[in-house]
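Below is one structure; the comments refer to it alone.
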There are 2 protein chains.
Amino acid sequence: MNDTPKFRRQAPDARKKDLIDATIRCLEKKGSDGLSVRSISAEAGISVGLINHHYPSKDDLIADAYEKLATDILQNVINIVAETDGSPREKMSAFFKAYFSSIVLDQKFLRIWIVFWYMSDKSEKVRLSHDKTNAGFRRQIELMLRNLGELPEAPDFNYRLAAIGLSGMLDGLWLEWCLNPEIFAPEEGLMLCEGWVDGLMAGAFKL
Amino acid sequence: MNDTPKFRRQAPDARKKDLIDATIRCLEKKGSDGLSVRSISAEAGISVGLINHHYPSKDDLIADAYEKLATDILQNVINIVAETDGSPREKMSAFFKAYFSSIVLDQKFLRIWIVFWYMSDKSEKVRLSHDKTNAGFRRQIELMLRNLGELPEAPDFNYRLAAIGLSGMLDGLWLEWCLNPEIFAPEEGLMLCEGWVDGLMAGAFKL
DNA sequence: TTTCTTATTGAACGATCGTTCAATTGTGAT
DNA sequence: ATCACAATTGAACGATCGTTCAATAAGAAA
């Protein structure tokens, strides 16, 4: 009679990938209102029950989505830096340019991040995803600063402390721009970070 | 027979103050789990219905609590700076010292702030409280930078841009320290900010 | 003491939440 | 073509949410 199937079966791994993507899309579009299993399953085009078939709880899905999105964003930036041939200083500039583009500087990301942070307070799983991705970001910053610091013309400075300062400034500017993009332009944020690194290389800080 | 009253009446203003305080205490203690009217009313020692008698909705109470807490914290810092006699540069240092003390740098505040940010996405009222208090913070930073810039030995720099850079660094370090206090010590954050201002006054940045 | 105002209570309501599970059905293996 | 497995469905459950509102009673005014 009716030979159009009511649903399509998928292998667990493929379905989980779909669910993760749907979760990210859902949080992008609806923010904290997109956090419910019904909202996510509607976005994924599947029934409510399927989420708990593939995940022990909603929190595990959120944690996976967190890790996927954060890793993707960082990887996008890293790829752009890797494609740039040049000195460590030029690579740092390439990093800033990518960071202050819509690859990172996008209000939808803060909208999602707030939900992740909110969930981190409730769920151990989400907090673990947070810690892992945060460490990856800081490691990347520190690596670039180390390459800078090993140049012959570079003054002595504390790599760890410099990485904290720079990622603090990056995070802070990202946060503030997302909270209110009218306060300053992305290029101004970029200029502030370039200036900070110039100051560092000129020995203006005692680190 | 029983002459101990079942409850004590309070004037609306006094009761609202109690509710605001209870909300802040509740969010401090329980984070996002302390957001419900039942949780808040239990903390305040009153019945569930009373909140909606004094506030049209829960969001209005949250917005009031946001504004109260943010204003109080900023005021505490301003008071300490005001008590400090000295040059604009010394006042800036007093500000940093207060900022990197538990007056501002306290994990419980981020826990509360995440709830506020989370609510900002849902409630226009909460977002207004956020915008207002954020502007007050930035205004204070810019004022101190202006006092610095008007010194005869100061180089020319853009006050607005400098305020964005400094408050970005302050916000970012606050956020990162609260997310994971083991990454760096408060004194290190203070040192980074002092170094940034020293660089600014030495003309290391082109702002 | 009596009256009147209104702050306060707490049960009730409808909505929504995450999760469960028996029934269904797509799909590859036989 | 048939079987067996398991991916998928969707109704149902109990918990919790914010809000409403009729009943109550505290406390000032008369």
Side-chain angles (χ1 to χ4, degrees), chain A residues 1-20 22-23 26-27 30-65 115 118-126, chain B residues 1-23 26-27 30-65 115 118-119 121-126:
Chain A
M1 208 58 161
N2 187 356
D3 53 359
T4 65
K6 287 192 174 178
F7 56 85
R8 269 190 49 220
R9 282 180 152 226
Q10 285 197 258
D13 283 351
R15 181 62 82 190
K16 284 175 93 168
K17 189 181 176 307
D18 283 353
L19 289 175
I20 290 169
T23 302
C26 212
L27 293 179
K30 305 198 275 181
S32 54
D33 286 333
L35 191 58
S36 71
V37 289
R38 280 165 182 82
S39 182
I40 293 170
S41 56
E43 177 69 38
I46 49 97
S47 69
V48 276
L50 193 55
I51 287 178
N52 285 289
H53 177 72
H54 292 290
Y55 284 97
S57 82
K58 191 191 71 166
D59 294 1
D60 296 74
L61 171 56
I62 303 290
D64 270 14
V115 175
Y118 183 80
M119 290 290 297
S120 293
D121 192 38
K122 297 182 174 250
S123 162
E124 178 70 20
K125 300 260 182 59
V126 178
Chain B
M1 208 56 162
N2 187 357
D3 53 359
T4 66
K6 288 191 174 179
F7 56 85
R8 268 190 51 222
R9 282 181 154 227
Q10 284 196 261
D13 283 350
R15 183 61 82 189
K16 287 176 89 168
K17 189 181 177 308
D18 283 353
L19 290 175
I20 290 169
D21 291 341
T23 302
C26 213
L27 293 178
K30 304 198 275 180
S32 54
D33 286 333
L35 192 58
S36 70
V37 289
R38 281 166 181 81
S39 182
I40 294 170
S41 57
E43 177 70 36
I46 49 96
S47 69
V48 276
L50 193 55
I51 287 178
N52 285 290
H53 176 73
H54 291 290
Y55 284 97
S57 82
K58 191 191 72 167
D59 294 1
D60 296 75
L61 171 57
I62 303 290
D64 269 14
V115 175
Y118 183 80
M119 289 291 297
D121 193 39
K122 298 183 173 247
S123 162
E124 178 70 21
K125 299 260 181 59
V126 178

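Proteins get letters first, then strands, A, B, ... in listed order; numbering begins at 1 in each.
In this structure, B:Ser47 does not reach the C:dG10 phosphate: none of its side-chain N or O atoms is under 4.0 Å from OP1 or OP2. Residue B:Arg15 places at least one side-chain N or O under 4.0 Å from the OP1 or OP2 atom of C:dT8. Residue B:His53 places no side-chain N or O under 4.0 Å from the OP1 or OP2 atom of D:dT19.
Projected onto DNA chain D by closest heavy-atom contact, A:Gly45 and A:Arg38 fall at different nucleotides, the more 5' of which corresponds to A:Gly45. Nearer to the 5' terminus of DNA chain D, by closest-nucleotide assignment, is the contact made by A:Gly49 (compared with the other of B:Ile51 and A:Gly49).
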query = After noting the C-alpha distance and the side-chain angles of B:Asp60 and B:Lys125, does the key distance pass the salt bridge (Lys or Arg N to Asp or Glu O under 4.0 Å) rule?
reply = CA-CA 6 Å; B:Asp60 296 75; B:Lys125 299 260 181 59; 2.7 Å; yes
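Salt-bridge check for A:Lys17 with A:Asp13: failed, with every basic side-chain N at 4.0 Å or more from each acidic carboxylate O.
When distances are taken from the side chain of B:Arg8 to each of D:dG27, D:dG10, D:dG18, the shortest belongs to D:dG27. Comparing C:dT19, D:dT19, D:dA26 against the side chain of B:Pro5 picks out D:dA26 as the nearest. Of the candidates D:dT9, C:dC17, D:dA26, the closest approach to any side-chain atom of B:Phe7 belongs to D:dA26. You'll find that the side chain of A:His54 is closest to D:dA7, out of D:dA7, C:dG10, C:dT19. Closest to the A:Arg9 side chain, of the nucleotides D:dT19, D:dA6, C:dT8, is D:dA6.
As a whole-Å value, the separation of A:Asp59 CG from C:dG18 C1' is 9 Å. Between the P atom of C:dT16 and the NZ atom of A:Lys30 lies a distance of 12 Å, rounded to the nearest Å. For B:Lys122 and C:dT16, the NZ to C1' distance is 11 Å, given to the nearest whole Å. Atom CG in B:Leu50 sits roughly 14 Å away from atom C1' in D:dA25 (whole-Å rounding). Per the geometry, CG belonging to B:Asp33 stands 14 Å off P belonging to C:dG18, to the nearest Å. The separation between A:Ile46 atom CD1 and D:dA7 atom P is 14 Å, rounded to whole Å. Rounded to whole Å, the distance from CD on A:Gln10 to P on C:dT27 is 10 Å. Between the CG atom of A:Leu19 and the C1' atom of C:dG18 there is a distance of 15 Å, given to the nearest Å.
B:Lys58 places a side-chain N or O within donor-acceptor distance of the main-chain N or O of B:Leu35, the cut-off being under 3.5 Å. The closest donor-acceptor contact from the side chain of B:Ser41 to the backbone of B:Arg38 lies under 3.5 Å.
In plain terms, the two heavy atoms of A:Ile40 and A:Ala22 that are nearest each other are O-CB, 4.1 Å.
Among the heavy atoms of the strands lying under 4.0 Å from B:Leu35 are primed sugar atoms or P, OP1, OP2 only; no base atom is included.
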